[in-house]
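Values below: every heavy atom of this structure, side chains too, minus hydrogens, waters and symmetry copies. Each ligand, and each atom within it, is numbered from 1 in the order the structure gives.
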Amino acid sequence: MKEKRATGKIVVILLIAAFGITLTAYAALNNKDLSVHSPTRPKPVWMSAPERLGQPPRDAIILDASQWAPDGKKTKGDKIKWKVAKDENGIEYMEVVKKTGEIHTKREFGNCQLHIEWKTPAEVKDSGQSRGNSGIFFMGKYEFQILDSYRNPVYADGQAASIYGQVPPLVNVCRGPGRWQSYDVSFLRPIFSPDGKVIRPARITAFHNGIVVHNNYEIRGSTPHKKIASYQPHGEKGPIRLQDHGNPVAFRNIWIRELPEEVPSCYPYIKKPGEK
Ligand code: MG
């Protein structure tokens with residue numbers, strides 16, 4: 001009788017142990033073990049760093065002139081009508097040719113990291129919004145402004161590095177006319193419910209010439225001129241558009257990386273006050 005009881009206990013212990021091992025293995029296999037310092041938590045992909053800041057990393061998509069198409073509304077054909085040439089160092093650049101229309105990437109993107117270098121004309125002919133105006137439209141809709149804002153009095157939410165019509169940059173770090181400048185942007189796409197409601201607004205973190213100008217700013221909607229921003233539902237991806245505002249702004253060294261939607265966390269999402 002005693003032997004039977006002992007055997008029964010051993011069987012129960014073995015069953016519990018097997019159940020525990022199975023659960024752990026299941027969690028590891030499904031990457032669900034997100035507890036603090038978990039050894040099975042998925043590790044970031046290793047990637048060699050570029051030799052020089054601004055150089056494209058290994059997984060970047062290079063957006064040279066062949067990766068852009070003209071705005072279908074204004075020009076026909078699949079080659080851009082902007083000037084494409086090489087500078088004194090052999091680096092390709094694209095330059096706006098007035099009235100040839102905007103250009104957009106042939107590929108579409110949602111969450112992304114974008115590096116782009118731009119230069120406004122060395123000779124200053126105009127003022128305000130007519131001085132070196134262009135812009136980068138994420139998903140074809142949300143404008144990150146380009147302007148010669150070097151000693152150029154203009155409304156704050158329309159100067160270089162503003163989210164046009166919504167928010168100025170944290171600081172004005174615009175270089176003088178005719179000098180190359182850089183933007184580095186992390187963009188998080190908006191998410192809409194099936195009935196078109198905004199579940200999550202778009203967000204942007206951006207550096208102008210290496211300086212933070214937007215720190216996780218929540219974009220309020222598309223960026224029309226002199227209108228209140230609002231969202232119109234759209235898909236998960238859209239093209240990057242560059243604006244033809246009539247000024248010969250040049251672009252070079254453009255690259256983009258697609259970013260994942262979310263990195264799994266061991267902590268639950270913290271809702272904002274009033275958020276359901
Ligand atoms: Mg613009």
> Are Glu218 and Arg203 close enough for a salt bridge, meaning some N to O gap below 4.0 Å?
yes
> For Tyr183, run the ring-ring contact (aromatic ring centres under 6.0 Å, His included) check against Phe207, Phe251, Trp118 and tell me which one passes.
Trp118
> What I want to find out is whether Lys119 reaches Glu95 closely enough, with some N-O distance under 4.0 Å, to be called a salt bridge.
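Not counted as a salt bridge, because no side-chain N and carboxylate O are separated by less than 4.0 Å.
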> Check whether any side-chain heavy atom of Thr120 sits under 4.5 Å from a side-chain heavy atom of Asn247, and report yes or no.
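When only atoms from C-beta onward are counted, Asn247 and Thr120 do not touch, as no gap falls below 4.5 Å.
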> Closer than 2.8 Å to the Mg ion (ligand 1), how many protein N/O/S atoms do you count?
5
> By the definition side chain to side chain contact (heavy atoms under 4.5 Å, CB included), identify the one residue from Asn253, Ile240, Leu242, Val185 that meets it with Ile116.
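With Ile116 as partner, side chain to side chain contact (heavy atoms under 4.5 Å, CB included) holds for just one option, Leu242.
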> In terms of the angle between their ring planes, are His115 and Trp255 parallel, tilted or perpendicular, with boundaries placed at 30° and 60°?
parallel
